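What follows is a set of notes on a single structure, which appears directly below.
Every heavy atom of this structure was used, including side-chain atoms; hydrogens, water molecules and symmetry mates were not. Quantities reported herein were computed from a predicted structural model and do not represent experimental measurements.
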Amino acid sequence: MVSSSDRSIARELVETLGISTVLADILAKRGIKTPREAVSFLRPSLLSLPSPFLFRDITKALERLALAREREEKVLVYGDYDVDGVTSTALVYRVLIDLGFKAVTYIPSRQEEGYGLHQEAIARAAQAGVKVLITVDCGITATEEVAYATAAGIDVIITDHHEPPEILPAALAVLNPKCEPAYPFQELAGVGVAFKLVQALLEEIGRPGAEKEVLDLVALGTIADVVPLIGENRILVHYGLKKMQEAPLLGLEVLLEECGLRGKELKAGQIAFMVAPRINAAGRLDSARKGLELLLTGKGERALELARELTKENLARQRLEQEILAKAVEQIEQGPLPKVIVISGSGWHHGVIGIVASRLVERYYRPVFIMGEEGEEAKGSARGIPGYHVLEQLKTQAHLLHKFGGHRQAAGFSLAVKDIAHLRAALNEQAEFLAQEVFQEVLKIDCVLKPTVLTVGLEQELEKLAPYGFGNPSPVLAVKEMPVHRIEAVGQEGKHLKLHLGEDGYLGGIAFRQGERLEELADKPALDLAFNLELNTFQGQERVQVVVKDIEDAAIWSGEGLAASEAAAALDSPGPGFHDPDVNGTSYAYQGREGLAQFYCLLQAAAKMENPFLWDVQEEQRQALQIFEELGFIRCLGGSRRIMLELLPVKGKLSLESSLRYRCSKV
């Protein structure tokens, strides 16, 4: 059940912000402690992005790049073959070219070279006259390779987000939030770190705000890399999805069309399951160059050709994935399920086994270490579960491994085939020291409701919590004793269940991969359901439906959130609206009514000269700007210390009280 502390926080959120009890309760359970934190979460703002100048080596990187541009030196952007690496490469290259740099790109082959920096590629770069090498989504463990590049006369700037070693490579500059005690957000994707470099570069050269043109790439790479969609990642994905929806880069626009998503309101899940796999397919089965070219091309016909090729490669990847998955499942089910799954197979494609590992984690809720055997060597991918740190576990077996690297949830590694059995035994022995609860999947219920409150209005309010993803999952709701009108099996071979819920079947639902339970559930007059709520538009009509996570005859749930009656009472009221508490003459610099009015006059004067306009922002002004942004008075286009603002036309009169940030400033 909800703690008294969470209940108190939820009550304060309702009273201060006027949001519903359901939304307030979910926010409190997810760690929101104050109205200000709630507003920052519900109203993402580019003005809230941490400054890239918090990176200790950013000035070194900018000075060296400025010199490279002045001297017309060749700059190499060296990436990785997954979506995070490809989008990072495309992002940095596009910005460098737009700024007049002589830039080239390189992405190693997954099959022939593998992940990271390689001396052979560096040698070729030196022969081609490269003087500056920027790594994106790689490089933080490349001590020998960076030393080799330095000896060859190449200055290396590392941008990476993977776990750093104790001794960092001796690069000219290292940008990695995990190496930065002063940087407030540690969980950026590789493309997020690359974005911080170009954000600072654009501001230094005098084009702050131009980084908004690559936010769609940032969103794509961030979503694909499965980093937590909270904090800075949430802001970048929020605005990146908007950019992707309204004015995507040409190649991305064509790819969205290929996926049937162009012109639709985009969600992070669609990008993760439909768009990202197509970019990934090229790097997994062949070369990542096709995905990179798609994101860089300015030719419509070539973009269409590449998008179709990527779709074909993705279909081939799916077929190969299913073949390996079937073999893996057969191997696993030959004996008792271990705490840690360690399996291998001859010829299992290294580009696909990572996806298979994720599928096995979903199926068995166990950490998975899967390898493809190639002669005497095996190359592997690992995927973890909450409470199991994949990279730390690999470190305990470093003596068996040729190479390894990654982070908490995922890693890559290689070892001799003869040592696979030793790795299996050792990892499972290590697992005995972990709590048994780590290996037991727990479905966390955010809120238990009455069936009558499952409305379009509720779904729309819960959408304020989006974008959803790792670290910020779609809320799991529950209903006890939901009347069942009819259940039927649907899909190929009846794999899924279609539910018609309520006395007259008014509420639709789908339970994926639960078709085998049809006979068990068909005659039940009522069921306890845990589900996500989503909107379904059919023939112009919007209706809610439930996507079932769990079905029980009589469930016993813990941590259920609100009591059903309380949640129902909150939503049966006229609906969430803004309260209007007494101001009591409270005055804050730039936040009180008079201070805000004076500040707005300054912005108007600047906009009369030029709109959009550059503004050297003082920290005490930032919240005032966020209030104006929330009210629709201004739009922040980007920048950090110097920001690009656009003053927007104001239609009619708006009350300051309609700004959640203004309301918080008075509490």
Side-chain angles (χ1 to χ4, degrees), residues 52-53 55-81 85-109 113 115-161 164 167-176 179 190-191 193-207 210-211 214 288-289 292-293 295-296:
F53 295 95
F55 286 94
R56 289 172 293 183
D57 286 353
I58 193 70
T59 301
K60 293 179 185 177
L62 297 178
E63 288 175 350
R64 184 62 185 91
L65 288 173
L67 189 61
R69 190 171 74 148
E70 179 185 327
R71 293 175 174 175
E72 297 186 347
E73 293 174 331
K74 192 176 291 185
V75 179
L76 172 63
V77 184
Y78 191 114
D80 184 28
Y81 36 69
V86 171
T87 52
S88 301
T89 305
L91 180 153
V92 175
Y93 176 80
R94 291 186 74 100
V95 171
L96 291 178
I97 291 298
D98 287 347
L99 293 176
F101 284 82
K102 293 180 65 177
V104 292
T105 64
Y106 187 82
I107 296 178
S109 163
E113 297 169 279
Y115 171 79
L117 282 173
H118 298 280
Q119 290 189 9
E120 297 82 357
I122 295 170
R124 292 195 298 271
Q127 291 174 358
V130 168
K131 294 299 180 184
V132 180
L133 187 156
I134 303 173
T135 75
V136 290
D137 193 32
C138 63
I140 198 63
T141 60
T143 303
E144 294 181 6
E145 292 80 5
V146 169
Y148 181 84
T150 303
I154 299 175
D155 289 322
V156 180
I157 298 170
I158 293 174
T159 74
D160 200 356
H161 72 125
I167 300 176
L168 297 176
L172 173 77
V174 175
L175 307 183
N176 183 331
C179 302
V191 72
V193 185
F195 175 79
K196 303 310 289 188
L197 173 63
V198 302
Q199 185 184 27
L201 182 62
L202 287 164
E203 184 163 331
E204 197 73 7
I205 289 176
R207 292 186 57 193
E211 68 265 27
V214 293
R289 299 297 302 185
L292 180 61
E293 185 183 353
L295 298 179
L296 294 177

(Q) Checking V132 against V156 for the side-chain contact (heavy atoms from CB on, under 4.5 Å) test, could you report, in this order, the C-alpha distance in whole Å, the side-chain angles of both residues, the deciding distance, and whether it holds? (A) CA-CA 6 Å; V132 180; V156 180; over 6 Å; no

Q: Assess whether side-chain contact (heavy atoms from CB on, under 4.5 Å) is satisfied between D80 and V136, documenting all intermediate values.
A: CA-CA 7 Å; D80 184 28; V136 290; over 6 Å; no

Q) Between L91 and V191, is a side-chain contact (heavy atoms from CB on, under 4.5 Å) present by the stated rule, with each step listed? A) CA-CA 8 Å; L91 180 153; V191 72; 4.0 Å; yes

Q. Please walk me through it: do K131 and V75 pass side-chain contact (heavy atoms from CB on, under 4.5 Å)?
A. CA-CA 6 Å; K131 294 299 180 184; V75 179; over 6 Å; no

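What you find for Q119 and Y148 is that their closest heavy atoms are O-CE2, 3.6 Å. Of all heavy-atom pairs spanning T89 and G85, the tightest one is OG1-O, 2.7 Å. Looking at every heavy atom in both residues, L65 comes nearest to F101 through O-CE2, 3.0 Å. Among all heavy-atom pairs drawn from Y78 and G116, the shortest one is OH-O, 2.9 Å. Between C138 and I158, the shortest heavy-atom contact is O-CG2, 3.9 Å. The minimum heavy-atom distance between A142 and L117, with the atom names listed, is CB-CD1, 3.7 Å.
The distance from atom OG1 of T150 to atom CD of E145, rounded to the nearest 0.5 Å, is 11.5 Å. Interatomic distance, N176 CG to D57 CG, rounded to the nearest 0.5 Å: 11.0 Å. Rounded to the nearest 0.5 Å, atoms CG (D98) and CZ (R94) are 7.0 Å apart. To the nearest 0.5 Å, atom CG of residue L197 and atom CD of residue E211 are 12.0 Å apart. The CD1 atom of I157 lies 11.5 Å from the CG atom of L76; values are rounded to the nearest 0.5 Å. To the nearest 0.5 Å, the span separating CD1 on I134 from OG on S88 amounts to 11.5 Å.
At a threshold of 4.5 Å between non-hydrogen side-chain atoms, the residues V86 and Y81 do not count as touching. When side chains are defined from C-beta on, R289 counts as touching T105, because their heavy atoms get closer than 4.5 Å. The shortest distance between side-chain heavy atoms of C179 and I140 falls below 4.5 Å. Side-chain atoms of E204 and F53, non-hydrogen and from C-beta on, do get closer than 4.5 Å to each other. Using a 4.5 Å heavy-atom threshold, the side chains of R207 and L99 count as touching. Counting heavy atoms from C-beta on, the side chains of F195 and T159 never come closer than 4.5 Å. Contact check for V104 versus V77: no side-chain heavy atoms found under the 4.5 Å cut-off.
Classification of R64 and E73 as a salt-bridged pair holds, one side-chain N sitting under 4.0 Å from a carboxylate O.
The closest side-chain donor-acceptor pair between D137 and H161 falls under 3.5 angstrom.
Proximity of a side-chain donor or acceptor of H118 to a complementary backbone N or O of P108 within less than 3.5 Å is not detected.
Atom CD of E144 sits in a sparse spot, with 12 or fewer heavy atoms from other residues, nucleotides or ligands closer than 6.0 Å.
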